[in-house]
Amino acid sequence: MGDLREHLLSRALGDLLPWAEQCAASEAYGVTVGQVEEAALEAGLLPARYQRNRKTFSTADQLKLFRSTVAVIGCGGLGGYVIEELARLGVGRLKAIDPDVFEEHNLNRQLMSTVAALGRPKVEAASGRVAEINPAVEIITLQDRFCRENGKSLLSGADVAVDALDSITTRLELADVCADLGIALVHGSIAGWYGQLVSQFPGESTLQTIYGRCADGVGVEKQLGNPSYTPAVVASLQVAEVCKILLGRGTPVTGAMLVINLLDMEFSKFKIRC
Amino acid sequence: MMRIIVKLFATLREGRSAIETIDLEPGATVADILRPLNISEKEAALIFLNSRHANLSAELADGDTLSIFPPIGGG
């Protein structure tokens with residue numbers, strides 16, 4: 001790999017590594033474009049695709065993101081946007097977990113759904129999309145329904161889990177599994193014009209408090225449905241939280257819930273811990 | 001009498017105002033405010049009293065603000 005480093009340094013434009021050089025190095029050295037990306041970042045070079053990130057993230061930050069693994073549980077309304085944004089951000093490894101195939105009623109909001117993808121697994125569409133937009137990102141597809149029993153295995157190796165589920169009961173199981181594994185969980189949920197966001201660290205029980213009286217596991221999304229913009233907004237907030245947690249920056253919504261009301265355009269934060 | 005301001009969210013606004021003002025006898029709890037609003041305990045999945053999470057049994061004081069949310073679980 002010493003050779004590769006020297007090679008990349010010789011091919012960079014300033015400290016930027018163009019995509020064509022990243023691909024050429026991958027072929028010449030028989031390694032993946034992801035391995036080239038890591039070597040470049042280690043050498044202080046920034047893959048040119050990230051140049052508009054650089055006022056927000058240092059090259060060291062970008063390397064940290066590349067070496068991170070994020071599990072996305074649910075690849076529908078929220079999950080599709082979350083996976084898209086994490087891949088563009090440059091998070092190196094994604095685990096996409098969802099048992100379902102696309103159906104026609106997904107087309108109004110789910111980013112990965114297309115007419116051609118109807119009947120195809122959601123995780124497969126997510127994997128295809130990531131390969132198109134950022135082949136340096138590894139995406140592990142797990143076409144499985146998350147539950148308490150398989151949760152530890154599905155989340156293994158993840159630094160952060162993103163709750164993009166559509167079931168309150170499963171969310172609470174996810175929260176328990178994350179607590180057991182000691183990983184942070186970024187929760188989002190939506191219904192109609194409304195959404196909510198929580199970041200929960202090991203030892204916290206914000207989600208358990210929020211959903212403590214939802215015994216039947218059904219929310220008002222069954223009445224309200226979900227339009228196109230609500231998942232996009234809440235998913236973006238979730239990705240911002242993931243990014244902050246991975247980099248140890250800023251102030252996540254922890255011990256509190258952010259309530260999003262797009263109808264009256266109000267964002268309010270409520271404390272959960274007293 | 002105590003005057004309580006109640007902020008309702010999402011589906012709880014249907015047939016009601018976004019902000020309701022309810023007068024109650026001293027000693028009333030959060031649960032007592034649901035009856036005049038015709039909101040079931042199940043619908044009021046999440047309640048904040050002056051921006052902090054509260055249970056149905058929490059006692060109210062004059063001038064309190066309650067925010068009540070239905071469960072939101074979609075993804």
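Naming convention: chains lettered A, B, ... in sequence-line order (proteins, then strands); numbering from 1 in each chain. These numbers were taken from a predicted model, which means no experiment stands behind them.
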What part of [X] is in contact with chain B, defined as an atom under 4.5 angstrom from a non-hydrogen atom: side chain, backbone, both or neither?
X: A:T230; result: neither
X: A:L165; result: backbone
X: A:V218; result: backbone

Give the C-alpha distance, both sets of side-chain angles, the deciding distance and a yes or no for side chain to side chain contact (heavy atoms under 4.5 Å, CB included) between A:Y211 and B:L46.
CA-CA 8 Å; A:Y211 290 121; B:L46 192 55; over 6 Å; no

Between B:L56, B:I47, B:N50, the one whose heavy-atom pairs under 4.5 Å with chain A are most numerous
B:L56

More than 12 heavy atoms of other residues, nucleotides or ligands under 6.0 Å from CG of B:N38: yes or no?
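No.
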
Within 6.0 angstrom of A:K244 NZ, more than 12 heavy atoms from elsewhere
yes

So which heavy atom on B:F48 is nearest to which on A:K271, and how close?
CE2-O, 3.6 Å

For B:H53 against A:I272, the heavy-atom pair lying closest together:
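Taking every non-hydrogen atom into account, CB-O, 3.6 Å.
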
What is the distance from atom NZ of B:K7 to atom OG of A:S268, rounded to the nearest 0.5 Å?
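B:K7 NZ to A:S268 OG: 7.5 Å, rounded to 0.5 Å.
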
So, taking the atom named CZ in B:F9 and the one named CG in A:D264, what distance separates them when rounded to the nearest 0.5 Å?
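It comes to 9.0 Å.
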
Contact listing (chain A partner; residues 57-75 of chain B; heavy atom under 4.5 Å)
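The stretch touches chain A at B:S67, B:F69, B:P70, B:P71, B:I72, B:G73, B:G74, B:G75.
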
For chain A, find its close neighbours in residues 11-21 of chain B: heavy-atom separation under 4.5 Å, sorted by number, or none.
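Answer by number: B:T11, B:R13, B:E14.
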
Which residue out of A:E266, A:R213, A:R171 racks up the most heavy-atom pairs below 4.5 Å with chain B?
A:R213

Under 3.5 Å: donor-acceptor pair, side chain of B:R52, backbone of A:F270:
no

